[in-house]
There are 2 protein chains.
Amino acid sequence: MVQTKKISDVDVETCEQTVIHTDVVQTVSEAMSNDEDMDNVADLFKLFGDRTRIRLLRALYQSEMCVCDLAYLLDMTQSAVSHQLRVLKQAKLVKNRREGKVVYYSLSDQHVMQILVQAYDHIKE
Amino acid sequence: MVQTKKISDVDVETCEQTVIHTDVVQTVSEAMSNDEDMDNVADLFKLFGDRTRIRLLRALYQSEMCVCDLAYLLDMTQSAVSHQLRVLKQAKLVKNRREGKVVYYSLSDQHVMQILVQAYDHIKE
DNA sequence: TAAATATATGAGCATATGTTCAAATGAACG
DNA sequence: CGTTCATTTGAACATATGCTCATATATTTA
C-alpha cells in the first residue's frame, strides 16, 4: 500500500490537469508500465460481454454442434449465429470442421472456459 | 460427449428453422436450462471489455487513488474518468470515500481481480 | 446440370456505448 | 458569503455493435 503524504500540484501542457498525489501516481505508473497487454485483456472480455456469444460458448462447452442446431437451441436466426461464430473463430475461441453441407463448431481451447466458470462462480455469491 | 446418430428435421412456427441433431440439442438444452445467470456473466464481462475501465481497475489494484490522479495517470479527461468510475461503482466493483474536496476510489472486492489476472495469464501464452 | 440444403457474407439499420462540453454540486477557506 | 477546487452530471455527438434481410457460396443429390 502506498501512503499519501506529500501534496503538490503539477500543470500539464495538453489540458490544464491537476495531480494531487505525485508520489502515488509515480509508483502506480511504474507498476503499470510493464503490462501493455491490458488492451488484449479488454478485447478478450469484450468477446465475453455479449449474451449471444456467451451462450454459444456455453453450448459448445457441452458438445460440438452445427450452426442450425445452435440457432435452434438459442432461438436465433442462422445468420445471426453464423455472424457471431465468425467473431469467435477470428478470436480463435472456436474452431470448425466441415462434413458435407454441415459445419460443426467446437471450442478450440477448453482452458478459456475456466475464465468463464470463475466469473460464473463469482456471480453466484 | 454426445453422439450424433439420429438425423431428423423439425419445423418451427416462428421462422422456418431446421434442426439436424435433435438428440444433441435436447441434451445440451437440458444442461443449459439451469444457468440463467449467464446473462449476469455477460454483463460482468461487458464491464471488463473496455480499455478505460480495465486500466482503472488495474490502477486501483495498486493503490487507492483520487479522480484527478487517475485522470492524469490514464491521460484522460477527469470527466471521462468520473463517468467510468460511476459505472464501476454501480456494478459494485469499486467503492469511494470523500475526504474534503477529494474523492478516493478503491476496489470494493479484491476477489474480482482474480478473474482479470487469470485472463491476463491466458493472454500471456 | 439443376435443385435443394447448410452456411457464409455484405449492406443497412437501430441501438448501445464512450467521450466531450458545459454546467451543477459540494466542501474548504479567505 | 463568495471564491476556489475536486468532482459529478446531463445532453450531444460520434462510433461501435449486433441483428435482419437478401444474396452468395459450397456441397450433396436427383
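What's counted below: heavy atoms across the whole structure, side chains too, no hydrogens, waters or symmetry copies. Chain letters run A, B, ... following the sequence lines, proteins first, then strands; residues in each count from 1.
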Check: [Y] main-chain N/O paired with [X] side-chain donor or acceptor under 3.5 Å:
X	Y	result
A:Arg55	A:Asp50	no
B:Ser108	B:Lys92	yes
B:Asp69	A:Ile20	yes
A:Arg53	A:Leu47	yes

Just the rounded figure in Å: distance from [atom2] of [N] to [atom1] of [X].
X	N	atom1	atom2	value
A:Ile54	D:dT17	CD1	C1'	16 Å
A:Lys89	C:dT7	NZ	P	14 Å
A:Arg97	C:dT7	CZ	P	12 Å
B:Leu56	D:dT7	CG	P	13 Å
A:Leu85	D:dC19	CG	P	11 Å
A:Gln90	D:dG18	CD	P	12 Å
B:Asn96	D:dA6	CG	P	17 Å
A:Leu70	C:dA6	CG	P	14 Å

(message) The side chain of B:Val102 is closest to which nucleotide in this list: D:dT7, C:dT7, D:dG10?
(response)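 Nearest listed nucleotide: D:dT7.
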
Distance check: side-chain N/O of A:Tyr105 vs OP1/OP2 of C:dA8, anything under 4.0 Å?
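It does, given that an N or O in the side chain of A:Tyr105 lies less than 4.0 Å from OP1 or OP2 of C:dA8.
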
In B/S/- notation (B base, S sugar-phosphate only, - none; protein heavy atoms under 4.0 Å), nucleotides 23-30 of chain C written 5' to 3' is ---BBS--

Quick tally for nucleotides 14-19 of chain C: nucleotides whose base has a protein heavy atom under 4.0 Å get B, sugar-phosphate-only ones S, the rest -, giving ---SSS

A:Leu44 versus B:Phe45: any side-chain heavy-atom pair under 4.5 Å?
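No, their side chains stay 4.5 Å or more apart.
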
Review point. For the atom pair CG (B:Asp37) and CG (B:Asp43), what is the distance rounded to the nearest 0.5 Å?
Key: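 Nearest 0.5 Å value for the CG-CG distance: 11.0 Å.
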
task = Determine, stepwise, if the pair A:Tyr72 / B:His21 fulfils side chain to side chain donor-acceptor pair (under 3.5 Å).
result = CA-CA 10 Å; A:Tyr72 177 79; B:His21 311 92; over 6 Å; no

> If we ignore angles and hydrogens, is there a donor and acceptor under 3.5 Å between the side chains of A:Gln26 and A:Glu30?
Replying inline: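 Short answer, yes.
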
Q: Examine the base of D:dT9 for any acceptor or donor lying under 3.5 Å from a partner atom in the side chain of B:Ser79, and report the outcome as yes or no.
A: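 When only heavy-atom distances are counted, B:Ser79 does reach the base of D:dT9 through a donor-acceptor pair under 3.5 Å.
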
When the ring planes of B:His111 and A:His122 are compared, do they come out parallel, tilted or perpendicular, using 30° and 60° as the limits?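 It falls in the tilted class, 30° to 60°.
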
